[in-house]
A.B. asks: 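Below you will find the structure I want to go over with you.
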Amino acid sequence: APAPPPARHLFSDPAEVEALRKNLLTWYDRCKRDLPWRALAATEPDADRRGYAVWVSEIMLQQTQVATVIDYYNRWMQKWPTLQALAQASLEEVNELWAGLGYYSRGKRLQEAARKVVSELAGRMPRTAEELQKLLPGVGRYTAGAIASISYGQATGVVDGNVIRVLCRLRCIGADSSSPAVIDRLWDMANVLVDRSRPGDFNQALMELGATVCVPKAPLCGECPVKQHCQAWRRKLFGNPPKVPDVEDCGAGDCPLCPPATEPWDSSLGVTNFPRKAAKKPPRAMRTATCVLERRGCHGAPEYLIVQRPSSGLLAGLWEFPSLPLAQDLKDKREREELADHLQAWMGRPVAARGLRFIGEVIHIFSHIHQTYAVYSLPLDGDVTLDPALSPSRWVTEDEFHASAVSTAMKKV
Ligand code: SF4
């Protein structure tokens, strides 16, 4: 078994743990934001509905700002207030409501999991973190812990990006915070800290602290309810630890949780020395040609052609203007010709490259892709017959386009 980490990286004093819990919960009761899922979790008497309400919020909040989620959450819960209602929805309806929220597979998996709870678990949500993670597709360790602690009062910790930052600062953890060894330690720590009588509130308080006080760039340490327990804060105030380590301190530079010797404490960064992450890979650059085909509809208003993407992969099942991914180094002229060929194969009639009008470029950043859309337009006089074997397609007015399951990137286009 690996040696236990030095005491400075642990919460080993029960009196300190108790004081930290108390300070954090008092602050949370006074300062927490009013959020719709919190209100539902606090007032809903039915345990399955409570679990469902928290689950939807946790899935929507993954990689997404609270301010963006609120409107989507309210519309979702109005449309599908129960697991049973969601299980009966079509994927098209789910995608339409999710449009613009990003990471579209989340909505799809949420709905698949709801169907599973209804058909295989008799509509009863699993009640513990272990079961939630095991039985529900798309529910990982964090989401399971959040649902179990907030909805069912299980005393289990959670570790998300906010918690990682707070814990790394509280205990001066400067080793790569995305490494499995550090993540394991942080889970241990979260499970030690979680308040036994109010686990859901405690977990939300820790995350709330990371979201509103212990923020990445300019943390508000002066207002922090747990600053007296924070080693990064202490170190900022009192400078470097003594040259000769005491029993609380780490060994001679081989501590697995300290910053690497090559990246020592930088006093200009203060508490933001923590956490540290290995450098991220830059996003992959991609270029896609996309064509807005336009015709006059029966009432004279313009209509646009949209096609459905495949049911797996990036933006699965969403609708878009006919698009073609391109090689990075393609010259302008070739790009236009390739797009014309693509449209021709698909419409079954000649499309002249010179008829495509270049409109401009749209850049959209997905989590791991830096996507550039080269946007063309092609007005059509008559109708076109599309090959239904290639992909489903339909003509829409501008209003219908905005109500369809289309991505933010396509709305920009
Ligand atoms: Fe974060 Fe500062 Fe509070 Fe420490 S004192 S937990 S660094 S806000």
Side-chain angles (χ1 to χ4, degrees), residues 5-33 35 61 65-66 142 145-146 149 157-179 182-183 185-195 198-241 248-250 255 257-260 263-277:
R8 67 181 300 223
H9 297 305
L10 295 175
F11 288 97
S12 42
D13 174 2
E16 190 197 9
V17 169
E18 208 37 62
L20 187 150
R21 288 174 181 157
K22 190 162 162 256
N23 293 339
L24 189 60
L25 282 167
T26 307
W27 168 82
Y28 181 68
D29 290 339
R30 197 163 36 85
C31 301
K32 67 171 180 273
R33 292 169 292 178
L35 299 172
L61 286 164
Q65 301 282 332
V66 166
Y142 161 77
S149 62
V158 294
V159 173
D160 73 343
N162 283 320
V163 173
I164 289 174
R165 184 167 58 256
V166 174
L167 293 181
C168 284
R169 289 176 180 169
L170 284 174
R171 281 301 176 263
C172 278
I173 294 176
D176 175 7
S177 67
S178 59
S179 71
V182 171
I183 293 288
R185 284 294 174 199
L186 295 174
W187 274 99
D188 292 347
M189 218 177 258
N191 282 324
V192 166
L193 284 180
V194 64
D195 188 272
R198 295 178 62 191
D201 284 345
F202 179 87
N203 286 337
Q204 291 184 88
L206 204 54
M207 293 188 275
E208 186 90 343
L209 188 76
T212 61
V213 176
C214 194
V215 291
K217 289 213 174 103
L220 309 169
C221 298
E223 299 169 22
C224 177
V226 295
K227 59 179 178 286
Q228 65 269 46
H229 310 288
C230 180
Q231 296 194 4
W233 170 245
R234 216 175 292 161
R235 182 151 185 193
K236 183 181 169 215
L237 288 185
F238 303 118
N240 288 338
E248 286 265 289
D249 237 324
C250 301
C255 169
L257 297 180
C258 274
E263 295 170 44
W265 168 270
D266 175 349
S267 55
S268 69
L269 295 178
V271 299
T272 63
N273 272 285
F274 310 102
R276 296 204 186 172
K277 265 195 211 158

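We count ligands from 1, going down the list as the structure has it; atoms in each ligand are counted the same way. Residues: numbered from 1 along the sequence shown.
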A.B. asks: With respect to Glu208, which candidate in Arg30, Lys32, Arg33 satisfies the salt bridge (charged side-chain N to carboxylate O under 4.0 Å, His left out) definition?
C.D. replies: Arg33
A.B. asks: For Ser178, check side-chain hydrogen bond (donor to acceptor under 3.5 Å, both in side chains) against everything at least two apart and list the hits.
C.D. replies: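 side-chain hydrogen bond (donor to acceptor under 3.5 Å, both in side chains) check on Ser178 returns Asp176.
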A.B. asks: Under the criterion side chain to side chain contact (heavy atoms under 4.5 Å, CB included), which of Leu24, Leu25, Leu206 is the partner of Asp195?
C.D. replies: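 By the side chain to side chain contact (heavy atoms under 4.5 Å, CB included) criterion, Asp195 pairs with just one of Leu24, Leu25, Leu206: Leu25.
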A.B. asks: Can you name the closest pair of heavy atoms from Val194 and Gly157 and give their distance?
C.D. replies: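 It is CG1-N, 4.1 Å.
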A.B. asks: What distance do Phe274 atom CZ and Leu167 atom CG have between them, rounded to the nearest 0.5 Å?
C.D. replies: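 Reported value, rounded in 0.5 Å steps: 13.5 Å.
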A.B. asks: To the nearest 0.5 angstrom, please state how far the CE atom of Met189 sits from the CG atom of Leu10.
C.D. replies: 6.0 Å
A.B. asks: At a cut-off of 2.8 Å, list the protein N/O/S atoms near atom 4 (Fe) of ligand 1, residue plus atom name.
C.D. replies: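 Protein N/O/S atoms under 2.8 Å of atom 4 (Fe) of ligand 1: Cys230 SG.
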